[in-house]
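Contents: one structure, followed by commentary.
Lettering of chains follows the sequences in order, A, B, ..., and the numbering in each one begins at 1. Note: hydrogens, waters and symmetry copies are ignored here, and every other heavy atom, side chains too, is used. Please read all numbers here as calculations on a predicted model, not as lab measurements.
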Amino acid sequence: MLKTEISGINFENPLILAAGVMGSNASSLNWILDSGAGGVVTKSFSQEPNLGYSNPTTVAVEGGILNAIGLSSPGVQNFKKELALINKSNKDGQKNIAIASIYGSNPDEFSNLVHNIENDVDMIELNVSCPHAMSGCGAAIGQDPDLTYEIVKTVKNASSNNIPILAKLTPNVTDLMEIAKSAEKAEADGLTLINSLGPGMKIDIDAKKPILSNKFGGMSGPAIKPIAIRWVYDAYENCDIPIIGVGGISNYKDVVEFIYAGAKATQIGTSIMYEGIEIFSKIKNDLKNFMQKNEFNSIDEMIGYSHKN
Amino acid sequence: MLKTEISGINFENPLILAAGVMGSNASSLNWILDSGAGGVVTKSFSQEPNLGYSNPTTVAVEGGILNAIGLSSPGVQNFKKELALINKSNKDGQKNIAIASIYGSNPDEFSNLVHNIENDVDMIELNVSCPHAMSGCGAAIGQDPDLTYEIVKTVKNASSNNIPILAKLTPNVTDLMEIAKSAEKAEADGLTLINSLGPGMKIDIDAKKPILSNKFGGMSGPAIKPIAIRWVYDAYENCDIPIIGVGGISNYKDVVEFIYAGAKATQIGTSIMYEGIEIFSKIKNDLKNFMQKNEFNSIDEMIGYSHKN
Amino acid sequence: MDKIINNYEILEIKEIISETNTIKTFIFDWEMNEDRTPLPGQFVMIWSFSKVFDEKPMSISMIDKDKNEIGITVKNIGNFTANLHSLSAGDKLGIRGPYGNGFNTENIKDKNILAIGGGVGMAPINCFTNYSKELGGNIDIICASVTKDELLFSNSDNEINDNKLTDKFNKDKATKNIGTVNVFTCTDDGTCGFEGYATHRTTDLLKYKSYDMVVVCGPEIMMKGIFDLLKDKKIPAQYSMERYMKCAMGICGQCCVDKKGWRICVEGPVFSNKDLKEIQEFGKYHRNASGLKEKY
Amino acid sequence: MDKIINNYEILEIKEIISETNTIKTFIFDWEMNEDRTPLPGQFVMIWSFSKVFDEKPMSISMIDKDKNEIGITVKNIGNFTANLHSLSAGDKLGIRGPYGNGFNTENIKDKNILAIGGGVGMAPINCFTNYSKELGGNIDIICASVTKDELLFSNSDNEINDNKLTDKFNKDKATKNIGTVNVFTCTDDGTCGFEGYATHRTTDLLKYKSYDMVVVCGPEIMMKGIFDLLKDKKIPAQYSMERYMKCAMGICGQCCVDKKGWRICVEGPVFSNKDLKEIQEFGKYHRNASGLKEKY
Ligand SMILES: Cc1cc2nc3c(=O)[nH]c(=O)nc-3n(C[C@H](O)[C@H](O)[C@H](O)COP(=O)(O)OP(=O)(O)OC[C@H]3O[C@@H](n4cnc5c(N)ncnc54)[C@H](O)[C@@H]3O)c2cc1C
Ligand SMILES: Cc1cc2nc3c(=O)[nH]c(=O)nc-3n(C[C@H](O)[C@H](O)[C@H](O)COP(=O)(O)OP(=O)(O)OC[C@H]3O[C@@H](n4cnc5c(N)ncnc54)[C@H](O)[C@@H]3O)c2cc1C
Ligand SMILES: Cc1cc2nc3c(=O)[nH]c(=O)nc-3n(C[C@H](O)[C@H](O)[C@H](O)COP(=O)(O)O)c2cc1C
Ligand SMILES: Cc1cc2nc3c(=O)[nH]c(=O)nc-3n(C[C@H](O)[C@H](O)[C@H](O)COP(=O)(O)O)c2cc1C
Ligand code: FES
Ligand code: FES
């Protein structure tokens, strides 16, 4: 009943762990898969190891948090070992879907990464959207339609096994649809919308300084949901590739809202902080009840429902 | 102690009513001035009357609201009569500052508006940033550095009495600093940062539809503060004209945060919904106490404090 | 911040009651939680999202705390209300609220109350009188409309349809049961009860009886008439006002009135005669959705 | 959502106590509100924003509910901690927390408890023993360090610095005052108390006395030693773990450990021996800020 499919990959349910949240370690990814997630996205990783920014790297704001972890990563050679440890199925015997999130600053880095890991995971998500990455990475790419096109195209060509490629985009642009269409034209297999918002800043008035060591950090959590819903809704009308909705989900209602807006699946990040990893099983249950009450037999029937008059 | 100055205009305190909130009527503006605001911005108005969007025009979201009022306005000829009724001083005899917010779709409309009202108010704020305006207005201008330049320049030239012009900008752009610099180059006398965020959308999962009749609406309230603070902080480093900070202020701490980020004054909108119009007198008091405790003698000493060191 | 009820609940219409040719009452299940338990005179925002897509304020005309129900009573006068009238039980509407300040019902026990409702203005009046009856108020209602068929909520054991008052009234006055409600009908065309305006009926009644309190809802011109009538009398009165509304949450400023700037949706919709004196536009003009003034 | 304490409070250092050449205790005023009242074993995040800009986890080493104070005890081992050591009373630090699960102190009354602290690992142990003493626990502490000058919180009326145990211990054992704390010092170089590792001292003590519970904090290698030592004994034990931390709120995943994936900041930092068995990397490796594994 909860199954959903994205470019040939079948998910047991539409609840996927978002990139960068408890995703640096195969053990925590397996824990979350066992707890009921339909899939997991790893923390974004790169060619070379990267320590990220120094602390403070996260700070609470109204309705969510700011983070400037700074894409810390042990580098692909080390992270490949973690990928190998992600279980193929969960404790209930259901198939796990593992999505690797990768980032780099140029086409070469991206294609090397793809070569390296395409046989270790089920899908690859391109992080061209981190709002606090070092120069040349993250949103620096995803804010430019041509660069986005180039990276997606390169990655698609680099893959020898035609692994599905998701482009994760940033809302911090004048016109996200322009970027989304570029990614689609470059044959991305799906869009992940949205990465964290802003970036934003919090100044501590007693310390009289921005709290994050990087000063700025991407905003996530319940407060950014309206922005994410808007872009998913727009992308559903403007693009033909599948959409994964992410941003501020904390309960089944939010999941339904994203699916009605046009998402085929959703990702959950920050709310784990408030709800614990039980959030996956809880939403799964609630979602099933909702569907039964509303006489839906499949997620498919719900996708994009709010566009139908 | 609370006085602040923006391009020659002296405010009794740095708390100004934001555009579009209880600002369609001289009576409510006077009420708010009497209640302690240092100044008020009117609801944005245009050449011709405009009914705005039909209801629902506002909807609550986590940490704030979405609105798509749609820049309803009785047109300048009618609104001029309201402007004439704004009191010159408040009930305590302090000078009131009235700022007219205007919008249009082309340079001519803007310059006509300026001609019409430049003698009725103390300042003019250009709304080139509404995220849910009809085509050609609002953010359609403020998302384009050249159009922004052109409108600001036109308005500056149109004014015969050199009335200070504030450019109110939208955060919904890839690079707000590019727009801010354009406005500065065109000799804007100040920047108002930020207009509402997004737009965002809320879908009601029982109605299965976007709630706002316009589907999308600008997000305001406490949740958008980190984004506003970030842009004020950036603008303080990148521009030399005064900044008015706006977005999510609900208490004196927020005001201090904006001032430390670089704002010379602040505007308050959505929080009136939660706190009532007493918010102005309350923040005034709390701000005074804070300054005394922290041994500040003037707002000036606090402006941009978080950039030092 | 959580105290503000600004989220819709989508509710099925439980029952629709045809009150007159042009007026229907819609009943909804309504949990009487702390923040949600309405008072007479408060209103809700009704969101229609199928066929006609719009949202308007409606007074609460019925509160049943035992059955956990509320009702609104709607006159078909335009696009939005025509659409509401076309709905059936089981259809869904969005509701948010209650909003605003209701009628002040403090110390109402044993008091003589005159409640005046004109047309669909009987909606909050009906709510008020049922509520006050239970509190032990002694209520006379002037139920006014253009013509007999349009009389709303006039049915009562003590419906008084005589054109002349005197005898009947005196009899009722003598009975004076606690919680008794006398309904004095009044039509412009005299098809039922008193022939003439509610103001005239009020003048009449005041000759026979003294009241401790007056509550009024109806067309603004009617309310202005009553207001002027009562100006010199020392009877505390309350009036339920209407203005064009967008947010109903006190933010958009659409419903602000001259000269105090008060928001009808927050400071109102019910105002005491003392406060109403400060609303200079009362009976003179109101503003449309663009903010343009329109004369009455 | 409001329950999570993720906002800083900027506090003045109230007092600084030099404990050893390399260890200082910092005292802060701390209002003991519901969410904020710490338990022994919990930690706070300390944000330094002048000179060195960084933030690190620190165990709470002292909780004074009467004076509304807490303390942290910091060993100067690098950039961040050197900076803390350079501060004076009156200087400000940001603090958020308390975080994580503290030691389980249920049913501690009259129980024989062995508390083992190595180096600055005595910080949470000190907090635990003071707390447990009040609950009526009967506590023996092994206070271990490399050398005499580095012994932390060893001062006590019942400080036992003999290299050999037997007599002294038996005497204390006989006294067995409720709430008595015996401190058995232990140094690698034998400059004070027992000469050797805390593991050896533990083995000794276990010969003389049976314990109902063991709590341990110290270098992971030491803890691993104790863990192996106690493996076959049926004594419930608790260990306070350390891992590199960024958010401390359970979101970044930096502190997750193999193979269960548990977060030290949420599921830890204190683990029972039963749970610790599942932490396969315990005593073997940890991850640095990039996520790279580093062997012990
Ligand atoms: C506090 C309050 C309580 C009300 N209670 C009731 C009630 O119990 N029963 C009832 O039938 N009506 C009530 N109304 C009036 C109702 O909200 C609308 O005026 C009416 O429904 C408009 O009907 P329409 O849109 O079909 O007609 P239209 O022809 O579209 O409008 C007719 C007139 O209604 C007024 N109106 C339209 N939209 C609004 C709006 N968003 N807010 C306020 N006025 C508007 C305007 O003056 C307009 O000229 C109340 C209004 C207010 C402000
Ligand atoms: C739950 C917990 C409680 C702790 N309690 C105490 C305490 O009471 N007293 C005390 O002195 N120290 C404590 N620490 C250790 C402390 O957080 C740091 O390890 C130490 O302060 C690092 O000092 P430095 O940055 O000056 O040295 P560095 O040379 O920068 O670091 C030395 C080592 O400390 C560790 N470390 C550095 N940064 C972090 C970090 N953000 N999170 C975790 N470990 C880090 C790394 O292993 C690093 O190699 C605790 C750690 C944890 C996880
Ligand atoms: C601590 C943290 C780290 C994140 N790291 C990454 C990352 O490495 N790569 C990425 O694409 N997104 C990253 N994100 C963004 C999330 O994947 C997600 O897009 C965003 O947080 C919005 O979803 P949420 O509101 O459910 O958290 C991170 C978010 C958080 C909170
Ligand atoms: C109901 C509403 C109407 C608004 N109308 C206008 C407007 O007409 N012109 C304008 O420049 N900004 C308008 N704004 C934006 C505010 O002036 C302000 O920039 C924004 O709401 C952020 O501040 P806040 O979080 O304090 O509300 C409106 C905001 C709200 C909530
Ligand atoms: S309707 Fe918006 S303030 Fe009253
Ligand atoms: S430090 Fe981030 S999850 Fe533990």
**Request:** Counting only heavy atoms closer than 4.5 Å, note whether B/Leu17 contacts chain C via side chain, backbone, both or neither.
**Result:** neither
**Fill in**
If one checks every heavy atom of B/Lys202 against chain C at 4.5 Å, the contacting part turns out to be side chain
**Complete:** Answer key: most heavy-atom pairs under 4.5 Å with chain B among C/Lys259, C/Glu9, C/Lys293 is C/Lys259
**Request:** Step through the shown structure and confirm whether more than 12 heavy atoms of other residues, nucleotides or ligands are within 6.0 Å of NZ on B/Lys215.
**Result:** no
**Prompt:** Can you tell if the side chain of C/Gln254 reaches within under 4.5 Å of the side chain of B/Lys43, non-hydrogen atoms only?
**Reply:** no
**Message:** Can you tell me how far apart OG (B/Ser271) and CD1 (C/Ile251) are? Round to the nearest 0.5 Å.
**Reply:** 8.0 Å
**Item:** C/Lys246 side chain vs B/Ile69 backbone, donor-acceptor pair below 3.5 Å
**Value:** no
**Asked** Atom OG of C/Ser290 and atom CZ of B/Phe79: how far apart are they, to the nearest 0.5 Å?
**Response** 11.0 Å
**Fill in**
Here the gap from B/Ser72 atom OG to C/Asn288 atom CG, rounded to the nearest 0.5 Å, amounts to 9.0 Å
**Request:** Of all the heavy-atom pairs spanning B/Met273 and C/Met249, show the shortest one and how long it is.
**Result:** CG-O, 3.4 Å
**Request:** Answer with side chain, backbone, both or neither: which region of C/Met245 has an atom nearer than 4.5 Å to a non-hydrogen atom of chain B?
**Result:** backbone
**Region of B/Glu82 that comes under 4.5 Å of a non-hydrogen atom in chain C** = side chain
**Message:** Just so I understand: if I count every heavy-atom pair under 4.5 Å between each of B/Val59, B/Thr270, B/Ile32, B/Asn67 and chain C, which residue has the most?
**Reply:** B/Thr270
**Request:** Just give me the residue among B/Gly221, B/Gly276, B/Pro49, B/Ser73 that pairs up with chain C most often, heavy atom to heavy atom, under 4.5 Å.
**Result:** B/Ser73
**Prompt:** Do B/Asn25 and C/Arg263 come close enough that some side-chain heavy atom pair is under 4.5 Å?
**Reply:** no
**Item:** Closest non-hydrogen atom pair, C/Gly291 against B/Pro74
**Value:** C-CB, 3.9 Å
**Straight-line distance of B/Asp206 CG to C/Tyr8 OH, nearest 0.5 Å** = 13.5 Å
**Request:** Tell me, for B/Leu71 versus chain C, whether the close heavy atoms (under 4.5 Å) come from the side chain, the backbone, both or neither.
**Result:** neither
**Message:** If you count heavy atoms of other groups shown closer than 6.0 angstrom to CD of C/Glu31, is the number above 12?
**Reply:** no
**Fill in**
Between B/Asn55 and C/Glu55 the two heavy atoms that sit nearest each other are ND2-O, 3.0 Å
**Message:** Minimum heavy-atom separation for B/Ser27 and C/Val257, please, with both atom names.
**Reply:** CB-O, 3.8 Å
**Message:** Give me the atom names and distance for the closest heavy-atom approach of C/Cys256 to B/Met22.
**Reply:** SG-CE, 4.3 Å
**Item:** Enclosure of B/Lys253 NZ (heavy-atom neighbours >12, cutoff 6.0 Å)
**Value:** no
**Contact class of B/Asn50 relative to chain C, heavy atoms under 4.5 angstrom** = backbone
**Prompt:** Does NZ in C/Lys224 sit with more than 12 non-hydrogen atoms of other residues, nucleotides or ligands closer than 6.0 Å?
**Reply:** yes
**Asked** What part of C/Lys260 lies closer than 4.5 angstrom to a heavy atom of chain B: side chain, backbone, both or neither?
**Response** backbone
**Message:** Can you tell me which portion of B/Ser250 sits under 4.5 Å from chain C's heavy atoms? Options are side chain, backbone, both or neither.
**Reply:** neither
**Request:** Nearest 0.5 Å please: distance from the CG atom of B/Asp204 over to the CD1 atom of C/Ile10.
**Result:** 4.0 Å
**Asked** So with a 6.0 Å cut-off around NZ of C/Lys67, is the heavy-atom count from everything else above 12?
**Response** no
**Message:** If I compare all heavy atoms of C/Phe53 with all of B/Ser54, which pair ends up nearest, and what's the gap?
**Reply:** O-OG, 4.1 Å
**Prompt:** So which part of C/Glu267 gets closer than 4.5 Å to some heavy atom of chain B, the side chain, the backbone, both or neither?
**Reply:** side chain
**Complete:** Pair count under 4.5 Å, heavy atoms only, with chain C: among B/Ala26, B/Pro56, B/Ser213, B/Ser28, highest is B/Pro56
**Request:** State the CG-CG distance between C/Asp258 and B/Asn30, to the nearest 0.5 angstrom.
**Result:** 9.5 Å
